[in-house]
J.: 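Encoded as structure tokens, here's the structure I'll be asking about.
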Amino acid sequence: MTAEEKELVLSYLPLVEQIAYRLYRHLPRSVDIRDLIGYGVLAVVEALPKLDKNKNPTAYLKLRIKGAMYDYLRSIDFASRNIRSKEKAIKHALEKLSMEKGGEVSDEELAQFLGEDPEKLKEDLQAISFSYLMSLEEIFFEGRSYEELFESKEESPEEIVIKKDLREKLLKAIERLEKREKLVLQLLYYEELPLKEVAKLLGISMARVSQIKSSAIEKLKSYLAFPL
């Protein structure tokens with residue numbers, strides 16, 4: 001790597017750190033922030049040969065950096081069978097306790113029912129929540145590559161139509177969600193509040209927020225696959 005390239009990578013380090021810390025707010029403490037930053041820096045290095053100052057390089061790098069961090073998180077169990085089995089157990093317990101209690105169940109009550117440490121349950125809920133946020137990200141990009149998104153400085157008529165169509169589909173799908181589902185997605189995804197803060201704001205458990213969010217995202221997937 002040349003001295004100029006090293007300087008360019010260093011100039012984007014604040015961007016890498018900014019993205020890493022924003023993601024880290026949603027993650028269990030078992031994840032090391034230094035790992036996120038490391039994979040983000042590596043993404044910048046790998047993107048250098050394709051970086052074009054005339055094609056919004058910062059926006060391009062944001063996608064590459066976040067994509068690299070998401071790939072790393074997927075590799076350490078965030079969307080694994082283990083996470084999904086835990087999600088099913090938590091969902092079943094939450095439904096059973098809600099019926100028995102006739103109302104909202106606290107995270108402490110849920111942890112006691114599952115025979116799990118409350119802090120470990122919160123870690124699991126954060127991992128489950130973030131796995132769905134990654135899933136939502138994939139919906140928005142529809143599996144398109146970074147190069148496709150930034151292929152040219154000027155959008156082609158076809159690109160404009162595709163983006164408009166995707167936006168309209170998303171808006172229609174979101175409108176079909178229940179009011180609380182919309183609010184939870186807005187707070188988690190757009191306002192980027194951690195799961196714990198959303199639960200506190202809405203006056204419900206983290207488990208309940210996670211349940212609402214997962215339901216909303218599954219509905220979005222279904223609505224986009226089979227639009228009205």
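Side chains included, hydrogens not; waters and symmetry mates left out as well; all remaining heavy atoms used.
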J.: Is there a path from Ile33 to Leu27 through hydrophobic residues (I, L, V, M, F, W, Y) whose side chains come within less than 4.5 Å of each other?
T.: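 Ile33 clusters together with Leu27.
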J.: Do Leu42 and Leu15 share a hydrophobic cluster (ILVMFWY, side-chain heavy atoms under 4.5 Å, transitive)?
T.: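 Result: no, two separate clusters.
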J.: If only atom types and distance count, is the side chain of Ser215 paired as donor or acceptor with the main-chain N or O of Gln211 below 3.5 Å?
T.: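 No: the side chain of Ser215 does not pair with the backbone of Gln211.
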J.: Nearest heavy-atom pair of Lys213 and Ser210: which atoms, and what distance?
T.: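 Closest pair (atom of Lys213, atom of Ser210, distance): NZ-O, 3.0 Å.
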J.: For Lys101, look at atom NZ and say whether over 12 heavy atoms of other residues, nucleotides or ligands are found less than 6.0 Å away.
T.: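 Yes, NZ of Lys101 has more than 12 neighbouring heavy atoms, counting only those of other groups under 6.0 Å.
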J.: Over all heavy atoms of both residues, which pair between Asp124 and Glu116 is shortest? Give the atoms and the distance, please.
T.: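 Looks like OD2-OE2, 2.7 Å.
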J.: Give the intermediate values and the outcome of salt bridge (Lys or Arg N to Asp or Glu O under 4.0 Å) for residues Lys122 and Glu119.
T.: CA-CA 5 Å; Lys122 290 177 182 179; Glu119 290 305 312; 3.8 Å; yes
J.: Stepwise, does the side chain to side chain contact (heavy atoms under 4.5 Å, CB included) test hold for Lys196 with Gln126?
T.: CA-CA 8 Å; Lys196 187 176 181 179; Gln126 285 177 300; 5.7 Å; no
J.: Which heavy atom of Ile174 sits nearest to which heavy atom of Lys182, and what is that distance?
T.: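 Nearest heavy atoms, Ile174 then Lys182: O-CE, 3.1 Å.
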J.: Does Tyr21 belong to the same Ile/Leu/Val/Met/Phe/Trp/Tyr cluster as Leu61, with side-chain heavy atoms less than 4.5 Å apart forming each link?
T.: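 In one cluster with Tyr21: Leu61, yes.
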J.: Can you tell me if Glu95 has over 12 outside heavy atoms packed within less than 6.0 Å of its CD?
T.: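 Yes.
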J.: Assess whether atom CD of Glu100 is packed by more than 12 heavy atoms of other residues, nucleotides or ligands within 6.0 Å.
T.: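 Yes, enclosed.
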J.: In terms of side-chain geometry, is the basic nitrogen of Lys120 or Glu123 positioned less than 4.0 Å from the acidic oxygen of its partner?
T.: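 Salt bridge: no.
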J.: Specify the closest pair of heavy atoms between Asp107 and Ser205, including all atoms of both residues, with the distance to one decimal.
T.: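 Closest approach of Asp107 to Ser205: OD1-CB, 3.3 Å.
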J.: Which atoms form the tightest heavy-atom contact between Val16 and Met69, and what is the distance?
T.: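 Looking at all heavy atoms of both residues, the shortest contact is O-CE, 3.7 Å.
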J.: What heavy-atom pair brings Leu110 and Val105 nearest, and what distance separates the two atoms?
T.: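 Taking every non-hydrogen atom into account, N-CG1, 4.1 Å.
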J.: Would Tyr12 end up clustered with Leu10 when hydrophobic side chains under 4.5 Å apart are linked, directly or stepwise?
T.: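 In one cluster with Tyr12: Leu10, no.
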J.: Is it true that, when you exclude Lys91 itself, more than 12 heavy atoms of the residues, nucleotides or ligands shown sit nearer than 6.0 Å to its NZ?
T.: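 Not more than 12 within 6.0 Å, no.
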